[in-house]
Structures are given as structure tokens and as C-alpha cells.
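One-based numbering, in listed order, for ligands and for the atoms of each.
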Amino acid sequence: MSSRTRNLETALRQAVTDGLLGEERPVAGFVDVRGVRDSVAGLHAAFAGVPDVLHAFAAKACPLVPVLRLLADAGTGCEVASPGETRLALDAGFAPERIVLDSPAKTRAEIREALALGIALNADNLAELERIDALRPAGSASVIGLRVNPQVGEGSIGAMSTATPHSKFGVALRDEGARERIVDAFARRPWLTRLHAHVGSQGCPLPLIAEGLATLHGLAQEIDARVGRRRVTSLDLGGGLPVNFADDTVTPTYDDYVAALTAAEPALLDGRYQVVTEFGRSLLAKNGFTAAVVEYVKDAGGRRVALTHAGAQVATRTVFMPESWPLRVSAYGPDGTPKRGPRVPQDIAGPLCFGGDVVAHERPLPELAEGDLVVLHDTGAYYFSAPWAYNSLPRPAVYGFLAEDDGSAAFVTVRPAQSVREVSEESGLAQADALLTGFAAPPPP
Ligand SMILES: *Cc1c(COP(=O)(O)O)cnc(C)c1O
């Protein structure tokens with residue numbers, strides 16, 4: 001058994017003992033604190049040969065303030081893409097100069113705030129650069145970059161691919177006249193010093209990512225040559241290292257990533273350019289799991305169905321795109337010990353009111369019974385931390401854990417479970433009468 005599975009099972013048993021999972025608390029997310037630190041250490045080690053590097057964790061992969069603060073403590077920066085994520089990063093304690101703002105549709109207010117605080121930002125397009133021209137205070141400390149789309153093609157998941165010919169992100173580099181326009185943009189702006197590209201996330205093979213980033217490096221050299229002086233001082237290499245969801249093995253590794261980049265462009269990481277990375281999923285996915293109680297089991301059309309409390313509210317992508325986002329599911333007894341016995345194909349369904357709310361179809365597992373637990377593996381990024389509010393299901397609690405070799409585990413609350421009262425409050429409770437009597441007074445601006 002891998003140490004990851006051993007820690008998971010230690011945490012699961014202890015969570016049941018401590019009452020964090022059970023009839024009253026039918027679903028929760030768990031983050032392996034030591035695992036997160038180990039993953040960050042592995043990232044730093046892989047880039048140890050690069051003189052100046054900032055690893056900006058992509059906040060959307062796990063937008064939880066205590067997790068972000070853990071990452072800040074472990075030495076990462078933070079990549080953010082909305083006013084909410086910027087707030088989380090600041091509240092987590094990231095220094096503004098270690099925050100990179102990549103919102104695809106930045107408002108003037110968002111740009112103004114970033115420039116005032118000294119947060120780095122990457123303009124998505126040339127029109128955004130013109131807004132920055134107008135808004136940038138003379139002494140702004142913000143590093144400013146331009147996002148380009150190297151248009152190297154798509155990976156196996158279209159929605160996760162950002163370097164396709166028609167991607168909504170960045171300046172499309174292969175479009176006619178684009179290189180000239182980009183060079184001109186840098187020539188006219190001494191404060192524009194960074195190039196950014198994010199080739200894609202899950203499903204994008206390493207060689208495709210490396211090809212896109214090698215293109216970025218070539219563009220930086222072309223800009224410097226054509227402007228006639230050093231303009232580009234840093235390259236922001238995006239994120240997107242794919243995660244293996246099939247078993248506990250971490251593959252590809254950050255070492256593989258560095259090797260692929262170096263193979264595609266030997267000078268990419270040689271220190272001429274400061275480097276920024278923006279990994280999200282690869283840092284957190286395998287350091288988290290979701291556990292849920294089996295409420296009922298039944299048979300339907302000759303198939304066994306387990307109705308659990310983990311469905312599309314915590315595994316949205318998996319439910320809607322099961323081929324692209326398959327998850328490993330394991331079966332445990334009510335006490336959190338592994339279920340034994342012959343494997344029977346079972347649908348692992350969730351609690352939402354639509355027929356497709358199934359996280360695993362005909363999955364061979366020891367036969368589940370009421371009160372058992374199911375675990376969704378590798379869900380530390382983009383799953384319980386990004387819940388979906390369908391059916392007014394409350395956001396589940398998230399716990400951080402430290403599992404010990406003696407079989408015990410300690411927990412802290414990362415995010416408390418949302419109460420049904422809070423669900424109502426965020427659904428307009430304070431405005432309950434608005435549609436009956438509210439028109440007498442106009443709404444506040
Ligand atoms: C989502 C995103 C990332 C992180 O991608 P992962 O696949 O989670 O590593 C990095 N950079 C940008 C610009 C992103 O949008």
C-alpha cells in the first residue's frame with residue numbers, strides 16, 4: 001500500500017471516530033497537510049537550478065484561505081483570476097509582489113487595485129494594455145506582462161485547452177500581424193516586461209506544453225532583438241501539469257516537466273529570464289480526498305446503485321464529463337476500514353435531483369450497504385473546494401489532517417460545513433419580502 005493510501009485510511013478511520021463523518025455529517029473534504037508541503041518541496045527541488053523563480057499557486061485549484069496560507073508558508077506565490085481570488089490571496093498573507101493577476105476580463109477597478117497594490121498582472125489582450133496605459137500610476141511597482149496564445153493545439157479535453165486557434169485567452173500569436181503588434185506593444189511600453197502563456201491544464205501532454213513555452217521564449221528573444229534593447233525580463237510559464245487519476249503514482253513529475261521544457265528549448269530555464277510558474281491541480285489534487293456516507297442502496301434495471309452524499313455538488317466535472325474526469329472510488333465500512341469481498345459493478349450516485357448525478361458508473365467495488373463510506377480519491381483540487389450550489393446543497397466541511405505512523409490522525413477545520421440557515425441567507429433571506437412590498441422603495445444603488 002502506498003503511503004498516500006495509508007495516510008488516507010488513517011485519516012478516514014480517525015474522522016469517523018472523531019465524529020467528522022457519519023449520519024449528521026454525510027460528506028466532507030480532507031487535505032493532507034504534510035502531503036501539500038511535500039509536493040511544494042518537490043516543485044522547489046525540480047526548479048532548484050533556475051536562479052530566479054516564483055511558483056505562483058493557481059488559487060482556483062483550491063480557493064481556501066488556510067490552504068493558501070499553508071502554501072504561502074511553504075514558499076509559493078499565488079496566481080489569481082478574479083477579485084474574489086485576489087481577496088483570498090491577500091487575506092492568506094501573500095505579499096502583493098508574490099501575487100499574479102490573470103483575470104481574463106479585468107475591469108478597470110480590478111486593474112486599478114492591482115496597480116495600486118503592486119500585484120503583478122498579465123494583460124490578456126492589447127486593448128487591456130491600453131487601459132493599463134491610462135490607469136497605471138507613474139511609480140507602480142506592479143510587474144506587467146502580456147498573455148499570448150502560442151496556438152500549438154489542443155489536448156484531450158477541449159475545455160481545458162487554452163492554446164487552440166480560437167482560444168479566448170491571450171493574443172493569438174500565429175494570427176496575421178500578431179507578432180508585429182506584440183513587438184510594437186513592447187517597444188512603446190518600457191514597463192511591459194513579462195510574457196505569459198498557459199498552454200492548458202489536465203489533458204495537455206507535456207510535449208505540447210513544452211512546445212508552447214519554447215515558442216514564448218523565442219518571442220521574448222525576438223522582442224528584445226527588434227526593440228534593440230532588453231525588454232522582456234521574465235517569462236510566466238502558466239501551469240497545467242496533468243495529474244494521474246488512475247492510481248497513487250505521481251506522473252508526470254515536476255522533474256519530468258523541467259526535462260520536457262529543457263528538451264524543447266535548452267535556454268528556457270538558463271536564468272536569462274526570471275521564471276514564474278502557475279501550478280494548481282498538480283500541487284493539490286493528490287493531497288485531498290472526499291468521503292461520503294452511503295445513504296441507501298437499491299437495484300434499478302438489474303444494476304446496483306448506491307445513493308451517497310457525494311455527487312455533482314462536489315464532483316461537478318466528473319458527473320458532467322465522466323470520460324474526461326474519471327475518479328477512483330474506494331469502499332469503506334461505517335468505521336472507516338476497507339470493505340472486503342467480491343467486487344460487484346455499482347453506480348455511485350450523488351444526492352442531487354437529476355438523473356445524471358452519478359460519479360462512477362458500473363464500478364466494480366465490494367458490495368456497498370447503508371452506512372458505508374465511499375472515498376473519491378485525488379480530489380484535493382477543483383472538487384470539494386469548488387462546490388456547486390445546485391439543489392441548495394450546503395458546502396461540505398473541509399478538514400486539514402496530519403496522519404501519524406502510529407495510526408492516529410489530527411484534524412483542523414479548514415472550512416466549516418455550511419448550515420441550512422446560511423444557505424437561506426445567501427439565497428436572499430434578508431430580501432424575503434422584496435417581490436411583494438419592495439417596489440415601494442427603489443433598491444439602493
Ligand atoms: C487554471 C490556470 C492555471 C492552473 O492550471 P492547473 O491545471 O490547475 O495547474 C495556471 N494558469 C492559468 C492562467 C490558469 O488559468
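A salt bridge is absent between Lys106 and Asp124; no separation between the charged side-chain nitrogens and carboxylate oxygens falls under 4.0 Å. A salt bridge links Asp184 to Arg188: one of the charged nitrogens lies within less than 4.0 Å of a carboxylate oxygen.
Taking the six-membered ring wherever Trp is involved, the centroid distance between the rings of His44 and Tyr254 does not fall below 6.0 Å.
Taking the six-membered ring for Trp and thresholds of 30 and 60 degrees, Phe354 and Trp388 have ring planes more than 60 degrees apart, a perpendicular arrangement.
Donor-acceptor pairing under 3.5 Å is recorded for the side chains of Tyr383 and Thr318. There is a side-chain donor-acceptor pair under 3.5 Å between Asp175 and Gln151.
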Which N or O atoms of ligand 1 sit under 3.5 Å from a protein N or O, and how far apart is each pair?
| unit_1 | atom_1 | unit_2 | atom_2 | d |
| --- | --- | --- | --- | --- |
| ligand 1 | 5 (O) | Ser201 | OG | 3.2 |
| ligand 1 | 7 (O) | Ser201 | OG | 2.7 |
| ligand 1 | 7 (O) | Arg281 | NH1 | 3.3 |
| ligand 1 | 8 (O) | Arg281 | N | 2.8 |
| ligand 1 | 8 (O) | Tyr382 | OH | 2.6 |
| ligand 1 | 9 (O) | Gly240 | N | 2.9 |
| ligand 1 | 9 (O) | Gly280 | N | 2.9 |
| ligand 1 | 11 (N) | Glu278 | OE1 | 2.6 |
| ligand 1 | 15 (O) | Lys60 | NZ | 2.8 |

